Protein chains: 2
Amino acid sequence: MPLPETIDGRFSYEGLDRLIHEKARLSVLTSLVAHPKGLAFPDLRRLCGLTDGNLSRHLAVLQEAEFVDLEKGYDQNRPQTICRLTPKGRTRFLQYLGVLEQVVRDAAKGAGKSAEIARVMTGPFPEPT
Amino acid sequence: MPLPETIDGRFSYEGLDRLIHEKARLSVLTSLVAHPKGLAFPDLRRLCGLTDGNLSRHLAVLQEAEFVDLEKGYDQNRPQTICRLTPKGRTRFLQYLGVLEQVVRDAAKGAGKSAEIARVMTGPFPEPT
DNA sequence: GGCATCTACTTTACGATGCAAAGTTTGAGT
DNA sequence: ACTCAAACTTTGCATCGTAAAGTAGATGCC
């Protein structure tokens, strides 16, 4: 007999769409939601700490999913790609965020010491071992 | 010239350790932090909505990283694996959570409408297209 | 003019990895 | 003895993230 609180799928978080959950794309989408007017490729690259190739690929994936719109033009005779969230991308991202908030709530409740989270997050990160 | 707010790495979220960030393992760790006494393999499988093979593999990864402790014993003459967070796993998970909270804050601030998040998260999820 | 350099991307290639399906082992039921 | 089921583990494939290499055009320098 399962424990009473072990409800099927209680912690499955179906809403964590892989398309969005991936770290690099999460960075990109968060950057874009914070800059509704759009961001140029180089700015986005710097903000997210990504390489050119990386950003290019992730943007292609997000564009394929119609989460972002890429406006390719020229600025000062140089190619310039402006990236923007589409309404669809925005909606999906906000849904995803709702699930993330749920994760944080569940975990904080489980840990029972949200103060500990606040404390621990201010410190430096340990080296991966 | 980059926009003034495009600080290098502002949205790079280095703390999103892949080991933890992966959806299935995030489920597992959240379940475990919510059940400090540990969880049996089948309960964990149900909670996280994972298949046997999936859970087994992710647990092995988490054990390798020393984030979980697997106590393999018997209950009613049947094999029973009890899974628990190690102190190290707990600490790392809480650090990760801090970063997640930062993501949610950044995004909510960017979206400028946290009410919208709350509203949207209560609805059903759209079919992936 | 020619050559190197820089920016702004894109493409390629490979190694990692998530996931499902099949396999194993032990036990209970009939 | 035979079947079914639980509790995992192992295998294999196909996806995917990432680094490195490649492309194209503009600028600077001599």
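Note: hydrogens, waters and symmetry copies are ignored here, and every other heavy atom, side chains too, is used. Quick caveat: nothing in here was measured; it's all calculated off a predicted structure. Lettering follows sequence order; numbering is per chain, from 1.
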request  = Test salt bridge (charged side-chain N to carboxylate O under 4.0 Å, His left out) on B:R78 and B:D75 and set out the steps.
outcome  = CA-CA 5 Å; B:R78 290 179 163 285; B:D75 179 50; over 6 Å; no
inquiry  = Taking B:F67's backbone N and O only, do any of them form a donor-acceptor pair with B:T86's side chain (distance below 3.5 Å, no angle check)?
reply    = yes
message = If you assign A:V61 and B:P42 each to the DNA chain D nucleotide with the nearest heavy atom, which residue ends up on the more 5' nucleotide?
response = B:P42
query = D:dA19 phosphate, OP1 or OP2: any side-chain N/O from A:N54 under 4.0 angstrom?
reply = yes
ask   = Starting at CD of B:E22 and ending at C1' of C:dC19, how long is that distance when rounded to a whole Å?
value = 10 Å
key: Spacing of A:R57 atom CZ relative to C:dT11 atom P, expressed in whole Å   = 11 Å
query = To the nearest 0.5 Å, what is the distance between CZ (B:R46) and OG (A:S12)?
reply = 13.5 Å
remark   = From the candidates D:dT9, C:dA8, D:dC16, the one with an atom nearest any side-chain atom of A:R18 is D:dC16
inquiry  = In whole Å, I'd like the distance from the CG atom of A:L59 to the C1' atom of C:dC9.
reply    = 11 Å
note = Whole-Å distance, B:L19 CG to C:dT17 P, equals 9 Å
inquiry  = Does the plane of the ring in B:H35 sit parallel, tilted or perpendicular to the ring in A:F11? Use 30° and 60° as the thresholds.
reply    = perpendicular
ask   = Looking only at side-chain N and O atoms, does B:R25 come under 4.0 Å of OP1 or OP2 in C:dG18?
value = yes
task = Would you please confirm or rule out a distance under 4.0 Å between OP1 or OP2 of C:dC9 and any side-chain N or O of A:T81?
result = yes
message = Taking only side-chain N and O atoms of B:S56, does any of them lie within less than 4.0 angstrom of OP1 or OP2 on D:dT9?
response = yes
key: Between C1' of D:dC4 and CZ of B:R78, the distance in whole Å   = 11 Å
query = Hey, is the side chain of B:D52 pairing donor to acceptor with the base of D:dC8 inside 3.5 Å?
reply = yes
query = Does B:K72 place a side-chain N or O at less than 4.0 Å from the phosphate oxygens OP1/OP2 of D:dT9?
reply = yes
Interatomic distance where CD belongs to A:Q63 and P belongs to C:dT10 [whole Å] = 9 Å
task = Mind calculating the distance between CG (B:L55) and P (D:dT10) to the nearest angstrom?
result = 14 Å
query = A:R84 and A:K37: which non-hydrogen atoms are nearest, and at how many Å?
reply = NH1-O, 2.7 Å
query = Do any side-chain nitrogens or oxygens of A:H58 fall under 4.0 Å of OP1 or OP2 in D:dC16?
reply = no
key: Interatomic distance where CG belongs to A:D75 and P belongs to D:dT27 [whole Å]   = 11 Å
task = Using heavy atoms to find the nearest nucleotide of DNA chain C for B:L50 and B:Y74 separately, return the residue whose nucleotide is more 5′.
result = B:L50
